[in-house]
Amino acid sequence: MRTAALGPDQRANALARMAETELDVLVVGGGIVGAGTALDAVTRGLSTGIVEARDWASGTSSRSSKLIHGGLRYLEMLDFALVREALKERGLLLERLAPHLVKPVPFLYPLQHRAWERLYAGTGVAMYDVMSVSSGHGRGLPRHRHLSRRHALQVAPALRKDALVGALQYYDAQVDDARFVATLVRTAAEYGALAANRARVVGFLREGERVVGARIEDLEQGGEFEVRARQVVNATGVWTDDTQGLIAERGQFHVRASKGIHLVVPKDRINSTTGLILRTEKSVLFVIPWGRHWIIGTTDTDWDLDKAHPAASSADIDYLLDHVNSVLAVPLTRDDVEGVYAGLRPLLAGESEATSKLSREHTVAHPVPGLVVIAGGKYTTYRVMAKDAVDEAVHALDHRVADCVTEEVRLAGAEGYHALWNGRARLAQRAGLHVARVEHLLGRYGSMTEEVLDLVEKDPKLGEPLPAADDYLKAEVVYACTHEGARHLDDVLTRRTRISIETFDRGVRSARECAELMAPVLGWDSDQMDREVEHYEKRVEAERESQLQPDDQTADAARLGAPDIVPV
């Protein structure tokens, strides 16, 4: 299938078309749930639009633990339905929907007590595997295994010998969360959805009690316009209450933000061939393989400050270092930390008995005619959330609508991925690149890799790596703007690539060169390039300063020292 591009022209066209016609469904929010809802709606044959106030996945959906998992700890809470549902979705993503983006990852769980803990934890992991297979989509992952202490230390030499008496190893999956969301939006656009980022809803259109659309501000070109829709879906995550406030209606529940922070350290700082999962006094801690790096996380603390830029404090960083160092033979220090990022989980908090428990489950509501609200949930089950939101919306439409088909809809780049992977050596030879480069591209773009290589064929200089971030080719920066909706330097360094957390300089040394690559595509003059670079440098400076502060309040104040980028 021809892939849709999300370049500047396509964005302008999408906004113009949304203003000209009444849609069946308008989705507000460009995170994982909003993107999934847009794909679900458009593949049922509904005319669909999706708008996002900032960049695709710029909120929670680019700042997760980057895991696609059933949630092993939810078994301990006896939440079997949630685990079974998530394991089915994990299998679908691995096997059918997005094998180019979702990959298996092993985890080692160190045991600290003999006999009873192996029996207790082993029973849980065995149930996890059984539930995965029984879902019909779990046969692609290896089964768990029991390891002696000696064997566990061979698999993970970084562990202290006195930190375990044995171990369990099991498999889950991981994903580049921001890339996944951008790919979802592109897939929805392939089927006809109109998509525009940097388009903020500033009010809802009403006819009596009914919501009939939204008033939208174009944050790039300026101006406001109206989009009429038979149903509007509020999928704004931790901003749900703020969006609901635009209609001055009190909802049946509200969303509480819980902050989780993550550290990124180089691969050579932890000598292990497997990820780790460790118990903490509150939850669990993951050490996750991430290319040439490890991701360590996460925390779980209340957050009621700025939602757009949650800040990691010095106390947060110390918490993670202290816990991971409790099992490492060679402790990590602040100097080992390349990157830090903080995200907010949208947890449900209701006002009635039925919805009073904070939960990772999701809820759909129809607070007023014409407006559907979807909130809560977890990244892995986005497709189920999207289905439930569209099911609720179509009840109010005056014509029959097809059932959900997204179990069968492969994401852009999935079709033909396995064949290209098998032929990656020939592909590399034809492109004049090392096969490792092509493997990197296939893991990020799937069969759309050929579109990236087309750019290199037209301009061989784009086949060169970025000097200060050599995991990435220059072509990927250009492609982010021509095909993936990147509008600003921050979009590329933080979400289309992960340079902002994968380099010790946080992407500052790459900023100027990336801006120069983006400028011709986005029509920037030298003044705008300077503004983009200056803004990015200030953002990094503010983040570094916030990470030296002792608590949330001072960290938040420091992070807000760098304002968001404003176009010319």
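Taking both residues in full, the closest heavy atoms of Leu320 and His262 are given as CD1-CA, 4.2 Å, listed atom of the first, atom of the second, then distance.
The structure places NE2 of His309 at 7.5 Å from CG of Leu560, a figure rounded to the nearest 0.5 Å. Note that CG of Asp490 and OG of Ser500 are 7.5 Å apart. Values are rounded to the nearest 0.5 Å.
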>> Would Leu489 and His535 count as a side-chain contact (heavy atoms from CB on, under 4.5 Å) here? Give the steps.
In response: CA-CA 9 Å; Leu489 182 59; His535 164 265; over 6 Å; no
> Would Gln169 and Thr274 satisfy side-chain hydrogen bond (donor to acceptor under 3.5 Å, both in side chains), going step by step from the backbone distance to the final call?
Replying inline: CA-CA 9 Å; Gln169 189 173 47; Thr274 179; 3.2 Å; yes
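The pair Lys259-Asp300 does not meet the salt-bridge criterion, since no charged nitrogen lies less than 4.0 angstrom from a carboxylate oxygen. Salt-bridge check for Arg96 with Glu89: failed, with every basic side-chain N at 4.0 Å or more from each acidic carboxylate O. The pair Glu513-Lys474 meets the salt-bridge criterion, with a side-chain N (NZ, NE, NH1 or NH2) lying under 4.0 Å from an Asp/Glu carboxylate O. Look at Asp176 and Arg498 and you find a salt bridge, because one of the NZ, NE, NH1 or NH2 atoms lies within 4.0 Å of a carboxylate O, short of that distance. Between Arg559 and Asp306 there is no salt bridge, since no side-chain nitrogen of the basic residue lies less than 4.0 Å from a carboxylate oxygen of the acidic one. Classification of Asp55 and Arg495 as a salt-bridged pair holds, one side-chain N sitting under 4.0 Å from a carboxylate O. For the pair Lys307 and Asp556, the salt-bridge criterion is not met [side-chain N within less than 4.0 Å of a carboxylate O].
Annotation: side-chain contact (heavy atoms from CB on, under 4.5 Å) contacts of Leu72 (sequence neighbours excluded): Leu75, Val125, Tyr128, Tyr170. In terms of the ring-ring contact (aromatic ring centres under 6.0 Å, His included) criterion, residue partners of Tyr382 (sequence neighbours excluded) are, by chain and number, Phe180.
The residue from Glu541, Glu543, Glu537 that alone fulfils the salt bridge (charged side-chain N to carboxylate O under 4.0 Å, His left out) condition with Arg539 is Glu543.
A side-chain donor-acceptor contact under 3.5 Å links Glu52 to the backbone of Arg54. A donor-acceptor contact shorter than 3.5 Å links the side chain of Lys103 to the backbone of Pro99.
Classified by interplanar angle (parallel below 30°, tilted 30° to 60°, perpendicular above 60°), the ring pair Tyr479/His483 is parallel.
Taking the six-membered ring wherever Trp is involved, the centroid distance between the rings of Tyr472 and His440 falls below 6.0 Å.
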